[in-house]
Protein chains: 2
Amino acid sequence: MNPSQRLDRTFAALADPTRRAILARLSLGAAPVTELAGPFAMSQPAVSKHLKVLERAGLISRGRDRQRRPCRLEAKPLGDASGWLEGYRRFWEGNFQRLDALLDQMKTLKKRERTKRGKHR
Amino acid sequence: MNPSQRLDRTFAALADPTRRAILARLSLGAAPVTELAGPFAMSQPAVSKHLKVLERAGLISRGRDRQRRPCRLEAKPLGDASGWLEGYRRFWEGNFQRLDALLDQMKTLKKRERTKRGKHR
DNA sequence: TGGTTATAAAACCGATTGGTAATGAATCCT
DNA sequence: AGGATTCATTACCAATCGGTTTTATAACCA
């Protein structure tokens, strides 16, 4: 699977509050499915489906403890996603948006200029 | 809309290569729809739909330039998403995963211990 | 052995997604 | 006035998603 597809799956996995909550819980340590399901008002199969999404995204891995399948956080894909976002850091820290906005404003002014001229056509 | 829903939309918007490519293009400056659609093997309405997703996520805004609707990058939601990911930074930089793995390993050893005892039952 | 617990898997459902083609509307150009 | 350009909207379709209930599998416990 190529890096773009990996980003697809990572971001898609993160685009759900249940899955983000599961990751938050796993950041405190590995946990079996039942414990992960506890806080949610949904069936166990629903949680298992969310876990499969997280697993396919590489965000969790599963072990074996008797009849339990403990889940553990695997954060590398989070690191990759964070790396991707870093490429845009200057846009929310700097004033690149204002530059664009300025250009837009200039165009708008030009347009109004034209409109004025148009009025006494 | 609450912050969790905003994260939902931001991550969902980022979970598509076309939309990430559009953001990459917009990082070079504002652009009208036709120019954004150019590189893609898909219809103009398809691109407009992607733009609507990005707009609903607050990742772009649109201006007016005659009959064009130039799109401009709005990176604040990217900053919020990055901030969320930062909470997990130590997990891909540190050795927290190894700690979990160690606990799993200890459990596995205990289980094997039991199995051995079980053999001469 | 038989019952309970933990989890996965299957079948199903409605809503959403990502695409299409066709149409409409605003603005430009002549 | 009339045609071309830019873009949005609508209607439609197949695929995916997030949930359900039901059933199956595996390991524990008595």
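Computed from a prediction, not measured in an experiment: that's the story for all the values here. Labels below follow one simple rule: chain letters A, B, ... track the order of the sequence lines, proteins then strands, and each chain is numbered from 1.
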Take the protein atom [atom1] of [X] and the nucleotide atom [atom2] of [N], then report the distance between them rounded to whole Å.
X	N	atom1	atom2	result
B:Leu36	D:dA8	CG	C1'	15 Å
A:Arg56	D:dC17	CZ	C1'	13 Å
A:Met42	D:dT21	CE	P	13 Å
A:Ile60	C:dT7	CD1	P	12 Å
A:Arg64	C:dT5	CZ	C1'	13 Å
B:Ile22	C:dG18	CD1	P	12 Å
A:Asp16	C:dA15	CG	P	18 Å

Q) Quick one: on DNA chain D, does B:Ala31 or A:Ala41 contact a more 5' nucleotide (nearest heavy atom)? A) B:Ala31
Q: Using a strict cut-off of less than 4.0 Å between a Lys/Arg side-chain nitrogen and an Asp/Glu carboxylate oxygen, indicate whether B:Arg89 and B:Glu86 qualify as a salt bridge.
A: yes
Q: Provide the full list of ring pair (Phe, Tyr, Trp, His ring centres under 6.0 Å) pairs with a residue in residues 63-85 of chain A, sequence neighbours left out, each pair given once.
A: A:Phe11-A:Trp84, A:Trp84-A:Tyr88
Q. From the list C:dC28, D:dC28, C:dA6, which nucleotide is the closest neighbour of the side chain of A:Arg66?
A. D:dC28
Q | Heavy-atom closest contact (A:Arg25 atom, A:Ala31 atom, distance) | A | NH2-CB, 3.5 Å
Look at [X] and [N] and indicate whether a side-chain polar atom (N or O) is within less than 4.0 Å of OP1 or OP2.
X	N	answer
B:Arg69	C:dA26	no
B:Ser43	C:dA21	no
A:Arg19	D:dG18	yes
B:Arg62	D:dC7	no

Q: Select base, sugar-phosphate, or nothing to describe what A:Pro45 touches, counting heavy atoms under 4.0 Å on all strands.
A: base
Q: Look at the side chain of A:Gln44 against the base of C:dA6 and say whether a donor-acceptor pair falls under 3.5 Å; ignore hydrogens and angles.
A: no
Q. Ignoring hydrogens and angles, does a donor from either the side chain of B:Gln67 or the base of C:dA25 sit under 3.5 Å from an acceptor on the other?
A. no
(Q) Does A:Lys76 form a salt bridge (Lys or Arg N to Asp or Glu O under 4.0 Å) with A:Asp80? I'd like the steps, not just the answer. (A) CA-CA 6 Å; A:Lys76 182 182 168 301; A:Asp80 297 341; 2.8 Å; yes
Q: State, with a plain yes or no, whether a side-chain heavy atom of A:Ile60 is found less than 4.5 Å away from one of A:Arg72.
A: no
Q: Could you give me the CA-CA distance, side-chain angles and deciding distance for B:Leu51 and B:Glu55, then say whether side chain to side chain contact (heavy atoms under 4.5 Å, CB included) is met?
A: CA-CA 6 Å; B:Leu51 292 175; B:Glu55 192 174 22; over 6 Å; no
Q: Say whether A:Val53 and B:Leu7 are linked into one hydrophobic cluster, either directly or through other cluster members, by side-chain heavy-atom distances under 4.5 angstrom.
A: no
Q: Give me the residues of residues 47-55 of chain B where at least one heavy atom lies under 4.0 Å from an atom of DNA chain C, by number, or none.
A: B:Lys49, B:His50
